[in-house]
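Report on the structure given below.
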Amino acid sequence: MPTVAYISHSDFGLHDTGWGHPEHVGRLRAIPRALRYDFELFERLEHREARHATADELALVHDARYVAMIQQLAEAGGARLDADTVVSPGSWAAATAGTGAVLDAVDLAFAPGGGPRRSFCAVRPPGHHALRSSGMGFCLFGHVAAGAHYARATHGAERVLIVDWDVHHGNGTQALVQDTPDIRFVSMHQWPWYPGTGPATDRGPHDSVWNVPMPAGQRREAYVAAFLSAVDSAAIGFTPDLVLISAGFDSLAGDPLGGFTLEMVDVDQLTREMVSRADQWCGGRLVSSLEGGYDPERLGEACVVHMRALTGAGWGVGGAG
Ligand SMILES: [Zn+2]
């Protein structure tokens, strides 16, 4: 029986930002293309089509008027929320499926029986910059933040840990969870860099936020060590019932929107370290959701490495990596 679900949705292709936009539909198409070269992994995954989150579910983290506005803008033919953040006619279907993917993954993590405890949600648009009443930074809805609140509201989870290794600060996730001290948030990000938030001194109003700003161009090992050290600090006296990963692969070397230096071996290690911690803390409940990553070929490969590590299969097994 598969231990890992791979959750996606054909509607993600309907979010039309244009090919000149870094967050274009080709990013997501690169994932099944890379997965085809790893047939053993493909067979090992439980492939699922996400549901669409409802307006009530989105209201766990967003102002209802903002949610309605996104739907209306999409239905009216689309608009730009800012220079980077596009609502196209298909964006309502895509963005609600993005949140729905994470909520489905949370349902799976808590489901009785022997189904997958770990999931990877291959979504777009990404989510970790979205604020309560505004989208920004390519993001419309805060998928991972919604997943954390949903786990508490629906599955009786008390403590949730969110970790974010995207090269950009997860300012939206922080804003949507920092008033709930039982949701802890760790974000490692390039500094100074977009969106300009997330200094180490910003611990949130309840000291439940660990921001790890890092300069560009450091040795790979420095990022891995700083990230894991912050994760372990966040888990002192706090055993999560669920772990969520904002898996941004723009932290890889060569990404057009970042200056970090991670390689596939680091994606493998970071994933395995989080799997091991989730096994110790919470019966393995681990939900990962795609954020950034703007070199499509590298993104596809990274998602395969990440999912292979989520299954616990050996490095390089089956082949693409
Ligand atoms: Zn990013």
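As the structure lists them, so they are numbered: ligands from 1, and atoms in each ligand from 1. Treat the numbers as computed from the prediction; the structure is a model and nothing was measured.
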Would you say the side-chain atoms of H143 and T99 include a donor-acceptor pair closer than 3.5 Å? yes

Are any N, O or S atoms from H128 nearer to the Zn ion (ligand 1) than 2.8 Å? no

Among R117, R285, R48, R118, exactly one meets side chain to side chain contact (heavy atoms under 4.5 Å, CB included) together with L108. Which residue is that? R48

From the options Q190, H129, H189, select the one residue that forms a side chain to side chain contact (heavy atoms under 4.5 Å, CB included) with H168. H129

Short N/O/S contact of E291 with the Zn ion (ligand 1) (below 2.8 Å): no

OD2 (D250) to the Zn ion (ligand 1) to OD1 (D166) angle, given to the nearest 10 degrees: 110°

Please say whether the positively charged group of R184, taken as NZ for Lys or CZ for Arg, lies over the ring of W210, i.e. under 6.0 angstrom from the six-membered ring centre and within 45 degrees of the axis. no

H168, N/O/S atom nearest the Zn ion (ligand 1): ND1

